[in-house]
Amino acid sequence: MPEAIDWRTALPAGFRWPDGIRAAACFTFDVDAESPILFEHPEAAAWLDVMSHQAYGARTGIARLLRVLDRRGIQATCFIPGYSAQRWPEICRSIRDAGHEIGHHGYLHEGAHGATRDLEEERLVHGLAVLDEILGVRPTGYRAPNWELTYETPAILAKHGFVYDSGLMDADHPYVLATSSEPGAPTLIELPGHWGLDDWEPYNYLPGITGSGVISSPDDVIDRWTLELDALVDEGGLFMLTNHPFVSGRASRAVALERLIERAQSIDGLWIATGAAIAAHVATLGLEPVVHRPPDLPAD
Ligand SMILES: [Zn+2]
């Protein structure tokens, strides 16, 4: 824990954006396709209805979203599970060839909760090998499937040459993440996200698998995200938005997302950048690493 906080300022000690910049926005897409469903419900591999729902991104949504990004002239960061790259290689190459950053998102979208360190590392290495084989890419950024990390995850990422993680939820600003509490431990850059800036919860519904059946209007979702964008700009923070092509690639959702991007582009001093570009900036600041320690459970 920090020794003390300075609550008079929103900016963490030593943090600053590049000259002329007062906040940042990163538009990210997790190219999950079938992988999260197959990891949690392997029996669904035989269910055409469910598989077609997950294939919407690859067959329809990604092209639409690439058109949106192209019209707006921005670069996104796309976190791709290895399995998605194997199943939809040409689609994933299109993302790469359109100039977007490719990040790591597991092999079969494996949540880390309950995994041993060895198993976590094995899955990470498998995903890396597949992204290299199919896309010829060695990602520097990682987003944990299901946003699930263990206290071992940062050290495994650093061991395999990752520069940044995007998925912890304890800050509004990027920070330097210590990979262990050992003095001098390797560090990563952390680009925090949040469930509230993820399209899965408001939009996604698969009977018996995910969602409540209440599907939000894109107007409501974009209103909520716009409130957070404006508030984070005022605080000098990072607006880290997470969309899924099979979710937000739907027609009216993509229209609403384009509206949000337009709004972001109209904000003076807002830097719209990839995770890699933001992490590269943060790495120059010489920030004190943040150490996460697991809490002690109270004695009985
Ligand atoms: Zn995902």
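Below, all heavy atoms of this structure are taken into account, side chains as well, without hydrogens, waters or symmetry copies. As the structure is a computational prediction, the values presented were derived from the model and not from experiment. Start at 1 and go down the list; that is how both ligands and their atoms are numbered. Numbering of residues begins at 1 and proceeds along the displayed sequence.
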* Validation row: P89, R93 side chains within 4.5 angstrom (heavy atoms) -> yes

* Can you hop from L206 to V247 via hydrophobic side chains spaced under 4.5 Å? -> no

* Report the hydrophobic cluster partners of L297, with the cluster defined as I, L, V, M, F, W, Y residues connected by side-chain heavy atoms closer than 4.5 angstrom, directly or transitively. => none

* Asked: Going by an N to O cut-off under 4.0 Å, is there a salt bridge joining D199 and R253?
  -> no

* **D6, CG: over 12 other non-hydrogen atoms inside 6.0 angstrom** => yes

* **Nearest-0.5 Å distance, CZ of residue R117 to OG1 of residue T150** => 8.5 Å

* **Contacts of the Zn ion (ligand 1) with protein N/O/S atoms, counting only those under 2.8 Å** => D32 OD1, D32 OD2, H105 NE2, H109 NE2

